[in-house]
Amino acid sequence: MDRMWASRLGCPPAIQDEDVKVDLPSNPIVNGKLPEDLSDASYYASYAKLANITTNVVRSIYNERDATTTLFGKIQQRLKELKAWTIILATRPTLLYGLRLHTSRTSPTHKQTIPPSAKTLIDACIRCARHSVRILSDSWINGAFPALYHDLTQYLFSALTVLAVSSLLGHADSAGDRDGFEDAVQLLAQGP
């Protein structure tokens, strides 16, 4: 929880890796089976691994002391680690960079184009946000979205923020992203 809140608030985590002296949770096997009254520990182990990856993302992308690697290089390194995990978190700085370039292009004196490497990362961020909104909206509609589960609400908010920025970029799917954003906001406005 410390890692997730730290990444959302843009702060370093309070608990450092070297301070943790316990193994990841595992499933106790009794007579060859997982006891029914215990939850599957793989969820908690995955959550701990995701928190560690998230911390690495925040440290590498937002750490200005490492000037040997460009921002895009750092993001690409973290994406290799992440695979499908937290792509929105890792690529959001590039999306905001693209928005800044896009808004500066509206001025005739500033004609900047988005570099191809940044465009690839921006597209990955938007694609993941669309997918996240679709999954989370479906779970909300089906009643599988717990109203007080803060992580899902924050994931939806993060994905909606990406769709809002995407709708401002003026690309072919901007109108669809605006519609997806508005539909999900209407769902949230209805409440649980």
| Looking only at heavy atoms, which two atoms of L160 and F181 are closest? And how far apart? | O-CD1, 3.3 Å
| task | For I126 and V162, work out which heavy atoms get closest and say how close. | result | CA-CG1, 4.0 Å
| Of the non-hydrogen atoms in L95 and C125, which two are nearest, and what is the gap between them? | CD2-SG, 4.1 Å
| request: Would you kindly confirm whether L101 and L121 end up in one hydrophobic cluster when ILVMFWY residues are joined by side chain heavy atoms under 4.5 Å apart? | output: yes
| field | Exercise: identify the closest heavy-atom pair between D177 and H171 | value | OD2-CE1, 3.6 Å
| field | Residues K119, D123: salt bridge by 4.0 Å N-O rule | value | yes
| said: I'd like to know if the side chain of S167 and the backbone of A175 have a donor-acceptor N/O pair within less than 3.5 Å. | reply: no
| request: Report yes or no: do L96 and I122 belong to one cluster of Ile/Leu/Val/Met/Phe/Trp/Tyr joined by side chain heavy-atom distances under 4.5 Å? | output: yes
| Nearest heavy-atom pair of A159 and V133: which atoms, and what distance? | CB-CG2, 3.5 Å
| Hphob cluster co-occupancy, L168 + I114, side-chain heavy atoms under 4.5 angstrom | yes
| query | Do you know which two heavy atoms are closest between R130 and S166, and how far apart they sit? | reply | NH2-OG, 4.4 Å
| field | Flag if over 12 foreign heavy atoms under 6.0 Å of CG, D19 | value | yes
| Atom CG of L169 and atom OG1 of T103: how far apart are they, to the nearest 0.5 Å? | 9.5 Å
| said: If we ignore hydrogens and angles and just use 3.5 Å, is the side chain of S137 paired with the main-chain N or O of R134 as donor and acceptor? | reply: no
| Does L156 share a hydrophobic cluster with V185, counting links as ILVMFWY side-chain heavy atoms below 4.5 Å and allowing steps through other members? | yes
